[in-house]
Visitor: 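Below you will find the structure I want to go over with you.
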Amino acid sequence: MAYKPLLTPLLAQIEQLREDVRPWVAVNGLEILPEQGIAQFQLMTGRTAPRQLMRAEVLRSYRRSEINYMEQSAQT
């Protein structure tokens, strides 16, 4: 599972196939990652996971890491 970069060569190919009217569904790693955490939370605690909060935190963390990467790249 890759989430850096979000658009991998495989996802690009799937998007191209979708344009050719094939029933493929493209899902990037940032869509899968919180779902894995949600499932683990529910299995380990027996409670309903705070889905929106978990998804928001994954996205916030991803954006923060992208900003840090860009800042480090600019310094070199």
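Note that the structure is a prediction, hence the values are computed from the model and not measured.
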Visitor: With Q40, which residues qualify under side-chain contact (heavy atoms from CB on, under 4.5 Å), at least two apart?
Guide: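 Q40 satisfies side-chain contact (heavy atoms from CB on, under 4.5 Å) with no residue once adjacent residues are dropped.
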Visitor: Within this structure, what is the CG-CD distance for the pair L33 and E57, rounded to the nearest 0.5 Å?
Guide: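 The CD atom of E57 is 11.0 Å from CG of L33, to the nearest 0.5 Å.
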Visitor: So which heavy atom on Q42 is nearest to which on A49, and how close?
Guide: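 For Q42 versus A49, the nearest heavy atoms are OE1-N, 3.1 Å.
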Visitor: For E35 and R51, what are the C-alpha separation, side-chain angles and deciding distance, and is it a salt bridge (charged side-chain N to carboxylate O under 4.0 Å, His left out)?
Guide: CA-CA 8 Å; E35 292 301 321; R51 298 177 81 84; 2.9 Å; yes
Visitor: List the residues meeting salt bridge (Lys or Arg N to Asp or Glu O under 4.0 Å) with R63, not counting sequence neighbours, and say none if there are none.
Guide: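 Not a single residue meets the salt bridge (Lys or Arg N to Asp or Glu O under 4.0 Å) criterion with R63.
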Visitor: Who are the side-chain contact (heavy atoms from CB on, under 4.5 Å) partners of Q13, not counting sequence neighbours?
Guide: L10
Visitor: Among residues at least two apart in sequence or on other chains, which ones pass salt bridge (Lys or Arg N to Asp or Glu O under 4.0 Å) with E15?
Guide: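 Only R18 meet the salt bridge (Lys or Arg N to Asp or Glu O under 4.0 Å) criterion with E15.
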Visitor: What residues form a side-chain contact (heavy atoms from CB on, under 4.5 Å) with T45, not counting sequence neighbours?
Guide: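 Counting only residues at least two positions away or on another chain, T45 forms a side-chain contact (heavy atoms from CB on, under 4.5 Å) with F41, R47.
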Visitor: Looking only at heavy atoms, what is the nearest atom pair of A12 and L7, with distance?
Guide: N-CD1, 3.8 Å
Visitor: According to side-chain contact (heavy atoms from CB on, under 4.5 Å), who are the partners of Q75, at least two apart in sequence or on a separate chain?
Guide: none
Visitor: Between atom CD1 of I38 and atom CD of Q52, what is the distance when rounded to the nearest 0.5 Å?
Guide: 8.5 Å
Visitor: Taking all non-hydrogen atoms of both residues, which atom of R55 and which atom of P34 are closest, and how far apart?
Guide: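 Heavy atoms of R55 and P34 come nearest at CG-CB, 3.8 Å.
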Visitor: Output yes when a side-chain donor or acceptor of S61 lies under 3.5 Å from a complementary backbone atom of V58, and no otherwise.
Guide: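 A pair under 3.5 Å: no.
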